[in-house]
Peer 1: 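Sharing a structure with you now.
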Amino acid sequence: MGGRKVCIVGSGNWGSAIAKIVGSNAARLDQFDTTVTMWVFEEEVGGKKLTEIINTQHENIKYLPGHKLPSNVLHGAGPVSLQVAVPDLLKASAGADILIFVVPHQFIDKLCDQLKDHVRKETIGVSLIKGVDEGPEGLKLISDVIREWLGIEMSVLMGANIANEVAEEKFCETTIGCKNLEHGQILKELMQTPNFRITVVQEADTVEVCGALKNVVAIGAGFCDGLGFGDNTKAAVIRLGLTEMITFAKLFCKDSVTEATFLESCGIADLITTCYGGRNRRVAEAFARTGKSIEQLEKEMLNGQKLQGPQTSAQLNHILKHKNLAEKFPLFTAVYQICYEGKPVTDFIKCLQNHPAHM
């Protein structure tokens with residue numbers, strides 16, 4: 001006891017997977033408190049509260065079924081009656097030295113509004129949230145939203161990390177982007193395992209932009225799958241999507257942007273993984289095959305989880321239109337128009353055929 005206290009803000013699929021890693025590392029490393037709290041959005045599953053299920057069964061049976069969480073995430077090193085999966089955000093985060101944010105990006109303002117004035121300025125924050133917001137100058141990163149609300153330094157973690165595979169301890173890589181390298185090292189120690197390997201880079205804005213934009217590209221990849229196009233077409237979507245990601249980052253990131261960061265796990269690796277295995281691709285494929293709405297498919301297919309790609313495409317479109325740049329990003333724009341403006345999904349191929357990269 002006496003080490004840095006960790007709170008995970010979020011308990012969905014990815015939040016529960018990272019809790020498994022963080023809980024195991026905190027239990028064995030002296031620099032971290034052995035009890036890890038996890039804020040859980042309270043809901044009923046089979047007539048029982050989700051927090052009670054997590055704290056008694058050591059498993060998030062709704063969002064990460066089949067994977068036991070370390071006991072110190074659930075009831076700590078003390079009496080078994082001590083509940084650490086907590087539905088009250090302020091109680092869960094009380095005294096936290098490290099806050100790990102892993103919730104759908106559309107909920108972050110509401111959560112930060114509750115946390116403001118209750119977080120110490122020296123607390124280390126890290127966002128695993130893949131999305132963007134809009135600000136007066138265009139792009140506003142989720143880490144910036146949290147920083148402005150809470151007044152703490154923020155890092156980000158993004159990578160080719162499908163939650164179930166991480167929970168199964170299959171080898172993967174990820175990227176921490178941090179402007180404070182000391183914080184990056186602390187977070188690396190907290191999260192790295194033999195099968196979850198972390199690279200720390202200082203281009204935090206680029207790392208975060210990659211995490212958000214790859215979901216939009218994955219929607220396009222799903223459209224292609226649903227329309228019956230092959231791997232050649234999907235490879236073109238990935239390549240053209242990557243060019244738009246790089247162009248966007250160079251236009252909107254305040255810090256320097258080097259293409260080397262796109263070769264880290266947060267960049268090309270995460271893009272490939274999401275375009276082949278992620279929920280955005282899967283729902284977009286069903287959208288193209290069935291004609292059902294994104295909202296209906298989200299309810300039918302995701303068991304309460306939220307898609308990030310469509311809403312991110314809408315925010316990107318607003319940012320790009322404000323700067324009169326939408327035409328420079330035909331793939332991003334086509335995804336938005338298909339998701340929100342009724343553009344036929346069969347027209348998606350036209351944005352590939354006429355892409356400026358071919359001119």
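The model shown is predicted, which means the values in this text are computed figures rather than measured ones.
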Peer 1: Which heavy atom of F196 sits nearest a heavy atom of C172, and at what distance?
Peer 2: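 Closest pair (atom of F196, atom of C172, distance): CD1-SG, 3.4 Å.
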Peer 1: Between I54 and M38, is any pair of side-chain heavy atoms under 4.5 Å apart?
Peer 2: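 Heavy-atom side-chain distance check passes, below 4.5 Å.
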Peer 1: Return yes when atom CZ of F41 has more than 12 non-hydrogen atoms of other residues, nucleotides or ligands closer than 6.0 Å, and no otherwise.
Peer 2: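 12 or below, so no.
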Peer 1: Once you measure the plane-to-plane angle for F223 and F287, does it fall in the parallel (<30°), tilted (30-60°) or perpendicular (>60°) bin?
Peer 2: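 Geometry flag for F287 against F223: tilted rings.
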Peer 1: Does the pair E264 and T175 meet the rule for a side-chain hydrogen bond (donor to acceptor under 3.5 Å, both in side chains), with working shown?
Peer 2: CA-CA 7 Å; E264 298 290 348; T175 310; 4.7 Å; no
Peer 1: List the steps and the verdict of salt bridge (Lys or Arg N to Asp or Glu O under 4.0 Å) for R147 and D144.
Peer 2: CA-CA 5 Å; R147 185 184 296 111; D144 288 335; 2.3 Å; yes
Peer 1: For K20 versus A167, what's the shortest heavy-atom pair and its separation?
Peer 2: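 That closest heavy-atom pairing would be NZ-O, 2.6 Å.
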Peer 1: With a 6.0 Å cut-off (strictly less than), is the heavy-atom count around NZ of K188, excluding the residue itself, greater than 12?
Peer 2: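 Check passes, neighbour count above 12.
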Peer 1: Just by distance, no angles: are the side chains of H355 and E244 close enough, under 3.5 Å, to form a donor-acceptor pair?
Peer 2: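 Distance-only check passes for H355 and E244.
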Peer 1: Under 3.5 Å, side chain of D113 to main-chain N/O of D109, donor-acceptor pair present?
Peer 2: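 It does not hold such a pair.
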Peer 1: Could you walk me through whether H105 and Q315 pass the side chain to side chain contact (heavy atoms under 4.5 Å, CB included) check?
Peer 2: CA-CA 12 Å; H105 75 274; Q315 289 162 325; 3.1 Å; yes
Peer 1: Are any of the side-chain nitrogens in E295 or K299 under 4.0 Å away from the carboxylate oxygens of its partner?
Peer 2: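 Between K299 and E295 there is no salt bridge, as every charged N stays at least 4.0 Å from the carboxylate O atoms.
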Peer 1: Between OG of S313 and CD1 of I294, what distance do you get to the nearest 0.5 Å?
Peer 2: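 It comes to 9.0 Å.
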Peer 1: Hydrophobic clustering (ILVMFWY, side-chain heavy atoms < 4.5 Å, transitive) - are V345 and M301 grouped together?
Peer 2: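 In one cluster with M301: V345, yes.
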Peer 1: Rounded to the nearest 0.5 Å, how far does NZ of K343 lie from OH of Y336?
Peer 2: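 Atom-to-atom, Y336:OH and K343:NZ are 12.5 Å apart.
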Peer 1: I'd like to know if E285 pairs up with R289 as an ion pair, taking the criterion as any Lys NZ or Arg NE/NH1/NH2 lying under 4.0 Å from an Asp or Glu carboxylate oxygen.
Peer 2: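 So E285 pairs with R289 through a salt bridge.
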Peer 1: Would you say the side chains of E169 and H67 form a donor-acceptor pair under 3.5 Å?
Peer 2: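 No, no side-chain donor-acceptor contact under 3.5 Å.
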Peer 1: Hey, are K170 and E168 close enough for a salt bridge, meaning a charged N less than 4.0 Å from a carboxylate O?
Peer 2: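 Salt bridge flag = yes for E168 with K170.
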Peer 1: When rounded to the nearest 0.5 angstrom, what distance separates CG in L187 from CD1 in I124?
Peer 2: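 Nearest 0.5 Å value for the CG-CD1 distance: 6.0 Å.
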Peer 1: Looking just at side-chain N and O atoms, do T174 and N161 make a donor-acceptor pair shorter than 3.5 Å?
Peer 2: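 Present: a donor and an acceptor within the cut-off.
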Peer 1: Is it the case that the side chain of H358 and the backbone of L352 share a donor-acceptor pair, with hydrogens and angles ignored and the cut-off at 3.5 Å?
Peer 2: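 Checked: pair present.
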Peer 1: Of the non-hydrogen atoms in T206 and S256, which two are nearest, and what is the gap between them?
Peer 2: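 Minimum heavy-atom contact is OG1-O, 4.0 Å.
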Peer 1: Does a side chain donor of either D88 or W39 reach within less than 3.5 Å of an acceptor in the other side chain?
Peer 2: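 Judged by distance alone, the side chains do not pair up.
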Peer 1: With salt bridge (Lys or Arg N to Asp or Glu O under 4.0 Å) as the criterion, how do E43 and K49 come out once you've worked through the C-alpha distance, each side chain's angles and the decisive distance to 0.1 Å?
Peer 2: CA-CA 6 Å; E43 52 189 309; K49 292 181 178 179; over 6 Å; no
Peer 1: Are C7 and I98 side-chain neighbours, meaning at least one heavy-atom pair lies under 4.5 Å?
Peer 2: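 Answer no - side chains too far apart.
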Peer 1: Is the closest side-chain heavy-atom distance between T37 and S93 below 4.5 Å?
Peer 2: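 Sidechains of S93 and T37: no contact.
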Peer 1: Does some side-chain heavy atom of V126 sit less than 4.5 Å from a side-chain heavy atom of F101?
Peer 2: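 SC-SC contact between F101 and V126 ruled out.
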Peer 1: Hey, could you give me the CG/CZ distance between D30 and F32, rounded to the nearest 0.5 Å?
Peer 2: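 Rounded to the nearest 0.5 Å, the CG-CZ separation comes out at 10.5 Å.
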Peer 1: Give a yes or no on whether V156 and L111 share a hydrophobic cluster (residues Ile, Leu, Val, Met, Phe, Trp, Tyr; joining criterion: side-chain heavy atoms under 4.5 Å apart).
Peer 2: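 Unlinked, V156 and L111 end up in two clusters.
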Peer 1: Can any side-chain N or O of E59 pair as donor or acceptor with the backbone N or O of G66 at less than 3.5 Å?
Peer 2: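 Here the side-chain-to-backbone pair exists.
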Peer 1: Is the backbone of A269 close enough, under 3.5 Å, to the side chain of T273 for a donor and an acceptor to pair up by distance?
Peer 2: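 Yes; judged by distance alone, with no hydrogens or angles, the pair exists.
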Peer 1: Please determine whether salt bridge (Lys or Arg N to Asp or Glu O under 4.0 Å) holds for the pair K179 and D205, giving the CA-CA distance in whole Å, both sets of side-chain angles, and the decisive distance to 0.1 Å.
Peer 2: CA-CA 9 Å; K179 295 168 185 179; D205 291 356; 3.2 Å; yes
Peer 1: Please examine the side chains of I129 and V103, heavy atoms only from C-beta on, and report whether any two atoms are closer than 4.5 Å.
Peer 2: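 Heavy-atom side-chain distance check passes, below 4.5 Å.
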Peer 1: Output yes when a side-chain donor or acceptor of Q202 lies under 3.5 Å from a complementary backbone atom of N180, and no otherwise.
Peer 2: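 Flag not set: sc Q202 to bb N180 has no pair under 3.5 Å.
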Peer 1: Do E153 and K121 sit within salt-bridge range, that is, some charged N less than 4.0 Å from a carboxylate O?
Peer 2: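 No salt bridge links E153 with K121.
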Peer 1: Quick one about E203 and T261 (side-chain donor to acceptor, distance below 3.5 Å, no hydrogens or angles considered), yes or no?
Peer 2: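 Yes, E203 and T261 have a side-chain donor paired with an acceptor closer than 3.5 Å.
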Peer 1: Please confirm whether the backbone N or O of P356 pairs with a side-chain atom of K328, one donor and one acceptor, at under 3.5 Å?
Peer 2: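 Between the backbone of P356 and the side chain of K328 there is no qualifying donor-acceptor contact (under 3.5 Å).
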Peer 1: For M191 and V22, run side chain to side chain contact (heavy atoms under 4.5 Å, CB included): C-alpha distance rounded to whole Å, both residues' side-chain angles, the deciding distance at 0.1 Å, then the answer.
Peer 2: CA-CA 6 Å; M191 297 183 180; V22 169; 4.2 Å; yes
Peer 1: Determine whether L251 and F248 make a side-chain contact, defined as any pair of heavy atoms from C-beta on separated by less than 4.5 Å.
Peer 2: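 The answer is no; the side chains never approach within 4.5 Å.
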Peer 1: So, taking the atom named CD1 in I176 and the one named CD1 in I198, what distance separates them when rounded to the nearest 0.5 Å?
Peer 2: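 It comes to 4.0 Å.
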Peer 1: Quick one: does D97's side chain have a donor or acceptor within less than 3.5 Å of a partner on K5's backbone?
Peer 2: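 The answer is yes, because a donor-acceptor pair under 3.5 Å joins these two groups.
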Peer 1: Could you check whether any side-chain N or O of D33 sits under 3.5 Å from a backbone N or O of R4, counting only pairs where one atom can act as donor and the other as acceptor?
Peer 2: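 Judged by distance alone, no pair lies under 3.5 Å.
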Peer 1: I would like to know whether R279 and Q305 meet side-chain hydrogen bond (donor to acceptor under 3.5 Å, both in side chains); could you show each step before the answer?
Peer 2: CA-CA 9 Å; R279 72 183 72 153; Q305 298 178 82; 2.7 Å; yes
Peer 1: Is the backbone N or O of L190 less than 3.5 Å from a side-chain atom of N25, with the two atoms forming a donor-acceptor pair by type?
Peer 2: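 Side chain of N25 to backbone of L190: a pair is present.
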Peer 1: C178 and V200: which non-hydrogen atoms are nearest, and at how many Å?
Peer 2: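 Of all heavy-atom pairs spanning C178 and V200, the closest is SG-CG1, 3.5 Å.
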Peer 1: Say whether M158 and I186 are linked into one hydrophobic cluster, either directly or through other cluster members, by side-chain heavy-atom distances under 4.5 angstrom.
Peer 2: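 No; I186 is not reachable from M158 via cluster members.
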Peer 1: Could you check whether any side-chain heavy atom of V132 comes within less than 4.5 Å of a side-chain heavy atom of I142, counting everything from C-beta outward?
Peer 2: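 No; the side chains remain at least 4.5 Å from each other.
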Peer 1: Applying side chain to side chain contact (heavy atoms under 4.5 Å, CB included) between K130 and each of T312, L213, D270, T274, report the one that passes.
Peer 2: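 Passing option: D270.
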Peer 1: Linking I/L/V/M/F/W/Y whenever their side-chain heavy atoms sit closer than 4.5 Å, directly or via other members, would V216 and I319 fall into one cluster?
Peer 2: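 V216 and I319: one cluster.
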Peer 1: Answer yes or no: is there an ion pair linking E298 with K292, defined by an N-O contact shorter than 4.0 Å?
Peer 2: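 A salt bridge is absent here (no side-chain N lies under 4.0 Å from a carboxylate O).
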Peer 1: Tell me whether L307 shares a hydrophobic cluster with Y276, the cluster being built from Ile, Leu, Val, Met, Phe, Trp, Tyr side chains joined at under 4.5 Å.
Peer 2: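 Yes, it is one cluster - the side chains of L307 and Y276 are joined through contacts under 4.5 Å.
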Peer 1: Count the heavy atoms of every other residue, nucleotide or ligand shown that sit under 6.0 Å from CG of N354, and state whether that count exceeds 12.
Peer 2: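 Counting other residues, nucleotides and ligands, CG of N354 exceeds 12 neighbours.
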Peer 1: Report yes or no: does K234 contribute a side-chain atom to a donor-acceptor pair with the main-chain N or O of C275 at less than 3.5 Å?
Peer 2: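 Yes, because the side chain of K234 sits within donor-acceptor range (under 3.5 Å) of the backbone of C275.
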Peer 1: Report yes if the side chains of P310 and N280 come closer than 4.5 Å at any heavy-atom pair, otherwise no.
Peer 2: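 In contact.
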Peer 1: Between OG of S265 and CD of E173, what distance do you get to the nearest 0.5 Å?
Peer 2: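 If I round to the nearest 0.5 Å, the distance is 5.5 Å.
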Peer 1: Under 3.5 Å, is there a donor-acceptor pair linking the side chains of T333 and E327?
Peer 2: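 Side chains of T333 and E327: no pair found under 3.5 Å.
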Peer 1: Kindly determine whether L115 and W149 satisfy side chain to side chain contact (heavy atoms under 4.5 Å, CB included), including the steps that lead there.
Peer 2: CA-CA 8 Å; L115 283 171; W149 273 104; over 6 Å; no
